[in-house]
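As structure tokens, the structure follows; a few thoughts come after it.
Computed from a prediction, not measured in an experiment: that's the story for all the values here.
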Amino acid sequence: MILSTTETVPGMEVTEGLGLVSGSTVRARIFLSDILAGLKNLIGGEVVTYTRMLEEAREHAVVRMIEQAEKKGADAVVAIRFSTSTITKNAAEVMAYGTAVRLKAIPKAARPAQAE
């Protein structure tokens with residue numbers, strides 16, 4: 001599955017748009033992480049446990065988005081975006097979404113010349 005934050009894939013042509021696909025996950029903070037984050041606020045720096053939690057949440061959301069795209073028969077998901085929102089005081093949703101598409105390769109002869 002090709003994933004792109006742009007609307008196109010170099011060397012490929014979108015032959016069919018299959019619609020919006022998305023994936024999301026809701027993650028709750030862990031009490032111990034909150035205590036460590038509070039301490040980190042006193043001395044400064046990155047709160048690594050939250051960073052890891054959000055990285056895992058983004059990965060999980062992307063996997064779910066890919067699953068939806070595969071069910072539609074897509075080759076790629078383009079124009080991918082991420083969104084977050086607070087669900088409750090201690091939980092947040094991370095969502096990945098984009099457009100599922102079918103692609104075909106553009107013959108080299110038909111491709112625009114590259115600037116050197």
Side-chain angles (χ1 to χ4, degrees):
M1 179 71 57
I2 297 171
L3 304 175
S4 176
T5 58
T6 63
E7 295 177 8
T8 60
V9 176
M12 306 293 277
E13 176 185 355
V14 173
T15 61
E16 186 178 2
L18 302 172
L20 176 71
V21 288
S22 63
S24 69
T25 184
V26 176
R27 299 293 169 110
R29 297 187 323 210
I30 300 167
F31 179 71
L32 181 59
S33 295
D34 286 348
I35 292 170
L36 295 173
L39 294 173
K40 199 61 139 172
N41 280 337
L42 295 174
I43 58 174
E46 180 180 11
V47 183
V48 177
T49 54
Y50 288 156
T51 300
R52 270 195 226 114
M53 181 180 71
L54 286 172
E55 286 173 357
E56 290 171 3
R58 279 191 300 271
E59 273 184 41
H60 200 179
V62 167
V63 166
R64 288 181 173 174
M65 178 186 68
I66 290 169
E67 288 170 352
Q68 274 193 13
E70 287 172 341
K71 286 179 185 174
K72 291 184 175 210
D75 301 314
V77 180
V78 297
I80 295 172
R81 302 292 182 263
F82 291 91
S83 173
T84 60
S85 61
T86 302
I87 302 299
T88 69
K89 182 179 175 188
N90 295 319
E93 176 189 39
V94 174
M95 176 180 277
Y97 59 96
T99 303
V101 297
R102 287 199 180 111
L103 301 172
K104 78 172 185 178
I106 299 172
K108 278 197 172 205
R111 293 183 195 171
Q114 298 275 333
E116 294 182 22

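- Its side chain outside the 4.5 Å cluster rule for every partner, Val63 clusters with none of the Ile, Leu, Val, Met, Phe, Trp and Tyr residues.
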Residues 10-19, side-chain donor-acceptor partners within the protein, below 3.5 Å, at least two apart:
residue: Thr15; atom: OG1; partner: Arg102; partner atom: O; Å: 3.2
residue: Glu16; atom: OE1; partner: Arg102; partner atom: NH1; Å: 2.6

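- When all heavy atoms of Ala69 and Ala100 are compared, the closest pair comes out as CB-CB, 4.2 Å.
- Its side chain within the 4.5 Å cluster rule, Phe82 clusters with Met1, Leu3, Val21, Val62, Met65, Ile66, Val77, Ile80 among the Ile, Leu, Val, Met, Phe, Trp and Tyr residues.
- Judged as a side chain to side chain contact (heavy atoms under 4.5 Å, CB included), and not counting sequence neighbours, the contacts of Ser85 are Ile87, Glu93.
- Under the rule for a side chain to side chain contact (heavy atoms under 4.5 Å, CB included), Glu59 has no partner lying at least two apart in sequence or in another chain.
- Under the side chain to side chain contact (heavy atoms under 4.5 Å, CB included) criterion, Ala76 pairs with Ile2, Val101, Leu103, sequence neighbours left out.
- The closest side-chain heavy-atom distance from Val78 to Val9 is below 4.5 Å.
- With sequence neighbours excluded, the residues forming a side chain to side chain donor-acceptor pair (under 3.5 Å) with Thr25 are Arg27, listed by chain and number.
- Contact detail for Val26 and Ala91: the closest heavy-atom pair is CG1-CB, 4.0 Å.
- Residues forming a side chain to side chain donor-acceptor pair (under 3.5 Å) with Thr51 (at least two apart in sequence, or on another chain): Glu46.
- Sorted pairs that involve residues 69-80 and meet salt bridge (Lys or Arg N to Asp or Glu O under 4.0 Å), not counting sequence neighbours, are lacking altogether.
- Atom OG of Ser24 is separated from atom CZ of Arg64 by 6.5 Å, given to the nearest 0.5 angstrom.
- In this view, Thr86 satisfies the side chain to side chain donor-acceptor pair (under 3.5 Å) rule with no residue, not counting sequence neighbours.
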